[in-house]
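Lettering of chains follows the sequences in order, A, B, ..., and the numbering in each one begins at 1.
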Amino acid sequence: MEYFLHILILIGIYVILSVSLNLIVGYTGLLSVAHAAFYGVGAYVAALLAIKFHSPFLVNIILAVVFGGLLGAMVGIPTLRTRDDYFMVTTFVFQVIIFSIFNNWVSFTGGPMGLPGIPAPSFFGWRIESHLDYLIVVLVFSLLVVILSLRIGHSPFGRVLKAIREDEIFSQAHGKNIAFFKIAIFVIGAGMASVAGLVYAYYISFIEPTSFTVMESIFIISIVIIGGAGNIWGSIVGATFLVALPEALRFIGMPNAIAANIQQLIYGALLVLCMLYRPQGFLGEYSFDK
Amino acid sequence: MKPILYIENLNKRFDGTVALDNFSLKVQGASITGIIGPNGAGKTTLFNVITGFLPPDSGSIQYNDQQLIGLPSYKIARDGIVRTFQQLRLITRLTVLDNILLAFQNQAGERLRNIFTFSRLIKIQEQANRKKTQELLDSLEIRDKENALVEDLSYGQQKMVSLLCCLAAGAKMVLLDEPVAGVNPETINIILEMIRKLPEQGVTVILIEHNMDAIMRVCDNLVFMDQGKKIVEGDPEMVRNNPAVIEAYLE
Ligand SMILES: Nc1ncnc2c1ncn2[C@@H]1O[C@H](COP(=O)(O)OP(=O)(O)OP(=O)(O)O)[C@@H](O)[C@H]1O
Ligand SMILES: [Mg+2]
């Protein structure tokens, strides 16, 4: 039972990550490979606050989101002048820098050993400890993220994001300050990813840098692309499928080591199939091949 | 009368080519100015400079006493100067409705504050804009294309939609880069009819066209340019009969 709840919690975390990245990648067409960095920043901010300051859960949530959002703006502003490949490279550099900070600033982040012993949070007297507790927390956050993202996606704001993805010049010619929209969506996406990091840190109660590598960013991008870029529901389905898949493999009795490899194979195969037969992904309306 | 747009001594070079050469022009409010000239004369470059997509090397553009040079293009559009592109630009993978809705200015739903507070203003304004969009589509007899994807429209219909986007954006001045080139005669009539009525609504028009017949039908003032220079300007009939123009158009 706990195992089943564990899978659901992971799915919830990846729903937050992929839905928020979809706003950046799928809606706005900004191929960012820095999402794991924002995920990690949320996790480290929450962990450090909880371990060193014992600050309340609510305060940590706010600080994690604010800090992630600020970093989002920091990456967003300089990358605005670059497009396409250059944008991706810039976000990649940022991702690598953040990872090195996690990995090398030993006195602060614990370095490769990570930060163990993150205390269980409590929320107005409710001590969040059991798997069920965490499932509730992750459900609340993912629901908030999904509702907000759907609202952004279906609003005139989302229409501008799509227009920027399709044709920046057309958008500018009709009075859209595209720099503002790009930074705004980057900040929102980064803030949401930080929430996922916070939930993860509390839930596992131990974090280490390897959870937030560029491979993790690529995994989240895979969810977005396979589920369907520009479609929030697609990311929800994609996250569920791709997170549950390795567990299902293990469930049918495949040894762990083999399951991990097969999992990689299946991701790869799915991505290639997507490129070949369904560039818009499972539920998406738009493909990337502009 | 004081001109609404006052272009003075614009210069723009690309490496070796001179695209604009001391180009000056006064445009009266609620009028239609035509710009003609051979390929490479600098017509599109002029539009790019006015709308802030290209910085000029030197010169000045006064619009209602405001200097446009140095302003980003989105601000110029907000100030009421909206253009179409010779190489059509529309969001082809979205519907006609979405393209036109995008063009409206001051949308409550583009402000995050309203989205986060679930403001009712968004829906109200969106409905009003939808209604205006339908009226705009009606005026060009393409109401039935409202929910079609732009990529599924004919070339002429796409040109119509890009013109409607300018109007939806609340343009006080529209710059049309070859609005009827490559369009069938029936559609040309509909488009020209709409352009001709714009000054009555207070909208000033500058249009680039190679189609001399279309020019003669709508323009109040005509400019002939070549190699970045203004060669002749004035009454369309007079400009058409200018020897330089006759020579350029006989080639
Ligand atoms: N971005 C650019 N970079 C380099 N050269 C350019 C650029 N834009 C225009 N030119 C050159 O400037 C000159 C004027 O071009 P422009 O597009 O303004 O001409 P035009 O009058 O619109 O011609 P057409 O009738 O063919 O549309 C041409 O020689 C063109 O090659
Ligand atoms: Mg041109």
Side-chain angles (χ1 to χ4, degrees), chain A residues 23 26-29 65 69 72-73 80-81 144-145 147-189 191-192 229-231 279-280 284-290, chain B residues 47-48 51-53 72-85 87-95 97-119 121-123 125-126 129 149-151 162 165-166 168-171 174-175 177:
Chain A
L23 291 174
Y27 276 84
T28 324
V65 173
L80 284 174
R81 294 191 165 273
L144 275 175
V145 165
I147 290 174
L148 203 57
S149 301
L150 281 172
R151 215 174 141 72
I152 292 172
H154 291 151
S155 69
F157 190 95
R159 191 163 54 215
V160 178
L161 297 182
K162 289 185 198 169
I164 290 173
R165 176 190 69 205
E166 301 288 322
D167 192 334
E168 294 194 353
I169 293 183
F170 178 80
S171 313
Q172 286 170 307
H174 291 87
K176 311 304 170 192
N177 181 359
I178 62 171
F180 164 76
F181 286 93
K182 284 184 183 179
I183 294 174
I185 206 61
F186 220 83
V187 168
I188 291 171
M192 288 174 171
N231 186 313
Q280 69 273 49
E285 293 132 70
Y286 309 104
S287 56
F288 261 94
D289 53 334
K290 269 203 246 180
Chain B
F47 276 15
N48 287 340
T51 51
F53 284 99
S73 31
Y74 78 88
K75 278 196 180 150
I76 294 174
R78 283 184 192 176
D79 284 341
I81 304 184
V82 192
R83 66 176 295 182
T84 65
F85 293 84
Q87 231 70 62
L88 267 191
R89 280 185 184 275
L90 283 166
I91 313 293
T92 54
R93 294 198 281 187
L94 294 184
T95 63
L97 178 67
D98 272 337
N99 272 266
I100 299 178
L101 284 178
L102 176 85
F104 285 92
Q105 301 300 302
N106 286 320
Q107 295 193 42
E110 286 179 9
R111 276 177 227 116
L112 284 170
R113 178 167 31 96
N114 293 327
I115 294 174
F116 291 155
T117 56
F118 290 69
S119 165
L121 205 60
I122 299 179
K123 200 166 198 173
Q125 201 187 45
E126 192 79 349
N129 288 352
L149 293 180
V150 167
E151 63 192 2
S162 59
C165 285
C166 297
V174 289
L175 309 188
D177 201 340

Checklist outcome for this item: Cut-off 4.5 Å, heavy atoms of chain B, and the answer for A:I169 is both

Checklist outcome for this item: If one checks every heavy atom of A:I147 against chain B at 4.5 Å, the contacting part turns out to be side chain

[X], part contacting chain A, at a heavy-atom distance under 4.5 Å:
X	answer
B:F53	side chain
B:A103	both
B:S73	both

Next on the checklist: Between B:R93 and B:E151 (salt bridge meaning N to carboxylate O under 4.0 Å), is one present in this structure?
Outcome noted: no

Checklist entry - Should the pair A:K176-B:E110 be classified as a salt bridge under the 4.0 Å nitrogen-to-oxygen rule? => result yes

Most chain A-contacting option - heavy-atom pairs closer than 4.5 Å, from [options]:
options	answer
B:E126, B:K75, B:K123	B:E126
B:L90, B:I122, B:I76	B:L90
B:R83, B:Q107, B:R89	B:R89
B:I91, B:N114, B:V82	B:I91
B:D98, B:T84, B:N99	B:D98
B:S162, B:A108, B:G109	B:G109

Item to check | Which residues share a side chain to side chain donor-acceptor pair (under 3.5 Å) with A:Q172, sequence neighbours left out | outcome: none

Item to check | Partners meeting side chain to side chain donor-acceptor pair (under 3.5 Å) with B:R111 (sequence neighbours left out) | outcome: none

Item to check | Pi-cation contact, A:Y27 with A:R165 (under 6.0 Å, within 45°) | outcome: no

Next on the checklist: Does A:I178 form a side chain to side chain contact (heavy atoms under 4.5 Å, CB included) with B:Y74? I'd like the steps, not just the answer.
Outcome noted: CA-CA 8 Å; A:I178 62 171; B:Y74 78 88; over 6 Å; no

Item to check | Greatest number of heavy atom pairs closer than 4.5 Å to chain B - which of A:F170, A:F180, A:F181 | outcome: A:F170

Checklist outcome for this item: Rounded to the nearest 0.5 angstrom, the OG1-CZ distance for A:T28 and A:F186 is 9.5 Å

Next on the checklist: Please check: side-chain N/O of B:S119 versus main-chain N/O of B:I115, any donor-acceptor pairing under 3.5 Å?
Outcome noted: no

